[in-house]
Amino acid sequence: MQAADKLAPGASMASLWLAVDPVSQRILDMARKVAATSSTLLLRGESGTGKDLLAQVIHYLSPAREEPYVKIDCASLPPELVESELFGHERGAFTGAASQKRGRLEMAGAGTIVLDEVAALTLPMQAKILRVVEEKKFERLGGNVTLKIESRLIALTHADLEAAVRQRAFREDLYYRLNVVPIEIPPLRQRRADILPLALHLTEKLCGLHHRPLLQMSAPVRKALEVYDFPGNGRELRNIIERAVLMAVGDEILTTHLPAHLAEARPGAGLDRLLSLEDMEQQYISEVLDHTHGRKSRAAKILGISRKTLLEKRKRYGLD
Ligand SMILES: Nc1ncnc2c1ncn2[C@@H]1O[C@H](COP(=O)(O)OP(=O)(O)OP(=O)(O)O)[C@@H](O)[C@H]1O
Ligand SMILES: [Mg+2]
């Protein structure tokens, strides 16, 4: 197993990029190489693949690890705030600018500035970022002193930038400037060897966070995780593990602690122990009801029984 091993003192566990699958080992190798340079980077990947985390790892592996790491989320900030957050402003630059404010570009100093969800930038902001990337210069809003940028820029996106360029929603010149060193993080389902180590790593982390002794993971749980597709990638895995850590009563995570859609691929798949038919019926009915969000007619249809029979069974098994 490889992990980013040269983390700065004080760097948290969250900064560990787990790479077991050859695909992610190649990404980590690439991260190590680019960390040594100061070039602008573009990290791409579906939501939850770990772009944020990899940006932190690159910072901690870089010579600038002792310098600030500053992130700006272009998608969650209102567009009119992005500019003053990034560039700062002089006193009186606009109504409400009561004092001078340093922007995040200034705060990043000689460290790393991360533009999260870069595709959400408005076209006028894209033009300003282009200047930042090309000339490494900017002014505070309402200011006339030109400041020099020493930090490295890392842009993150889950968007299809090429399509955005075709639709003229993203500037082509900025696209080429950012895309000099693109790093594409594939979805978790394309690097399956990572799933289990990541699940175990997250179990350890989340048991610690929730003050629980370390939970084991039953073999069927491991199996269910290994074959699941994780449309939400690492973030979904983390949520699944967190839910299980909170639900588990004994010292082991069982399939009953997983969301129903994970263990339901085939009835009886992923059972932790051999069950009586009645137990299995109870568990399966409960999973189908979960799946239909409690809608009984739909559940009865899936189960191939009448609604009345379902209601009787539901009552007998105490599932209401
Ligand atoms: N290789 C990994 N090692 C350790 N944890 C990981 C890894 N990949 C993903 N995670 C976990 O997955 C979660 C999501 O990661 P992150 O926030 O970096 O994703 P993202 O690509 O930035 O997602 P989004 O596009 O939704 O912002 C984090 O909580 C992180 O702990
Ligand atoms: Mg993110």
Side-chain angles (χ1 to χ4, degrees), residues 1-7 11-32 34-35 41-61 69-77 82 85 104 112-121 153-161 163-164 170 178 182-210 217 225-226 228-246 259 262:
M1 186 192 302
Q2 280 194 54
D5 41 21
K6 283 189 284 184
L7 294 177
S12 71
M13 274 292 286
S15 310
L16 274 183
W17 168 261
L18 264 182
V20 176
D21 198 287
V23 169
S24 6
Q25 291 192 8
R26 276 200 297 278
I27 291 174
L28 188 55
D29 286 342
M30 175 99 164
R32 284 208 177 89
V34 296
L41 305 174
L42 177 63
L43 307 189
R44 309 182 63 166
E46 285 179 13
S47 184
T49 42
K51 299 182 289 295
D52 254 292
L53 199 62
L54 191 62
Q56 287 176 51
V57 168
I58 291 173
H59 173 75
Y60 287 121
L61 290 173
Y69 175 88
V70 178
K71 198 176 92 160
I72 181 161
D73 186 346
C74 311
S76 70
L77 270 179
V82 172
E85 270 303 315
R104 297 203 198 175
T112 305
I113 176 93
V114 175
L115 289 185
D116 199 359
E117 213 31 80
V118 72
L121 287 173
L153 185 118
I154 305 184
L156 315 182
T157 188
H158 72 259
D160 181 347
L161 279 188
F170 201 82
L178 295 179
I183 302 183
E184 176 92 37
I185 309 178
L188 200 48
R189 61 187 169 279
Q190 285 172 19
R191 41 187 172 106
R192 291 203 172 270
D194 283 345
I195 296 176
L196 216 51
L198 196 50
L200 296 172
H201 163 76
L202 290 168
T203 306
E204 198 179 317
K205 192 166 141 180
L206 291 161
C207 284
L209 197 72
H210 293 291
M217 199 177 273
L225 291 174
E226 274 181 322
Y228 181 61
D229 268 349
F230 293 100
N233 296 295
R235 176 162 311 107
E236 183 181 12
L237 177 58
R238 190 197 150 102
N239 292 346
I240 288 170
I241 300 291
E242 183 149 32
R243 177 182 186 268
V245 164
L246 294 171
L262 247 97

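We count ligands from 1, going down the list as the structure has it; atoms in each ligand are counted the same way. As the structure is a prediction and not an experimental result, all values here were calculated from the model.
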### Message
Does ligand 1 come near enough to Leu198 that some N or O of the ligand is less than 3.5 Å from an N or O of the residue?
### Response
no

### Query
Within the structure, does Lys51 bring an N/O atom to less than 3.5 angstrom of an N/O atom in ligand 1?
yes

#### Entry: Those residues that, when tested against Arg189, pass side chain to side chain donor-acceptor pair (under 3.5 Å) (two or more places apart)
Glu46

### Message
Is there a polar contact between ligand 1 and Leu18, counting only N or O atoms under 3.5 Å apart?
### Response
yes

### Task
Report yes or no: does Gly48 have a heavy atom closer than 4.0 Å to ligand 1?
yes

### Query
Counting N and O atoms only, with roles assigned by atom type, does the side chain of Asp116 sit under 3.5 Å from a partner on the main chain of Ile72, one being a donor and the other an acceptor?
no

### Query
What residues, two or more places apart in sequence or in another chain, satisfy side chain to side chain contact (heavy atoms under 4.5 Å, CB included) together with Glu184?
Arg44

### Query
If we only count N/O pairs under 3.5 Å, is Asp52 in contact with ligand 1?
yes

#### Entry: Lys/Arg-Asp/Glu bridge criterion (N-O < 4.0 Å) met for Arg26, Asp29
no

### Polar proximity ligand 1 side, Asp116 side, N/O cut 3.5 Å exclusive
no

#### Entry: Residue pair Leu115, Leu156: steps toward the side-chain contact (heavy atoms from CB on, under 4.5 Å) verdict
CA-CA 6 Å; Leu115 289 185; Leu156 315 182; over 6 Å; no

### Task
Tell me which part of Ile185 gets within contact of ligand 1: side chain, backbone, both or neither, using heavy atoms under 4.0 Å.
neither

### Task
Please indicate whether any nitrogen or oxygen in Arg235 is less than 3.5 Å from any nitrogen or oxygen in ligand 1.
yes

### Message
Checking Thr112 against Ile58 for the side-chain contact (heavy atoms from CB on, under 4.5 Å) test, could you report, in this order, the C-alpha distance in whole Å, the side-chain angles of both residues, the deciding distance, and whether it holds?
### Response
CA-CA 9 Å; Thr112 305; Ile58 291 173; over 6 Å; no

### Query
Which bit of Arg238 is near ligand 1, meaning a heavy atom under 4.0 Å away: side chain, backbone, both or neither?
side chain

### Query
Of Leu53, Val114, Val20, which has the heavy atom at the shortest distance from atom 10 (N) of ligand 1?
Leu53

### Task
Measure from the side-chain N and O atoms of Asp229 to the backbone N and O of Pro231, and report whether any donor-acceptor pair falls under 3.5 Å.
no

### Task
Look at the side chain of Asn233 and the backbone N and O of Arg235, then say whether any donor-acceptor pair between them is shorter than 3.5 Å.
no

### Query
Would a 4.5 Å heavy-atom cut-off, applied to side chains only, mark Ile27 and Trp17 as touching?
yes

### Distance criterion under 2.8 Å: protein N/O/S atoms around the Mg ion (ligand 2)
1

### Message
Does any part of the side chain of Leu237, heavy atoms only, come nearer than 4.5 Å to the side chain of Leu188, both counted from C-beta?
### Response
yes

#### Entry: All ring-ring contact (aromatic ring centres under 6.0 Å, His included) counterparts of Tyr228, not counting sequence neighbours
Phe230, His261

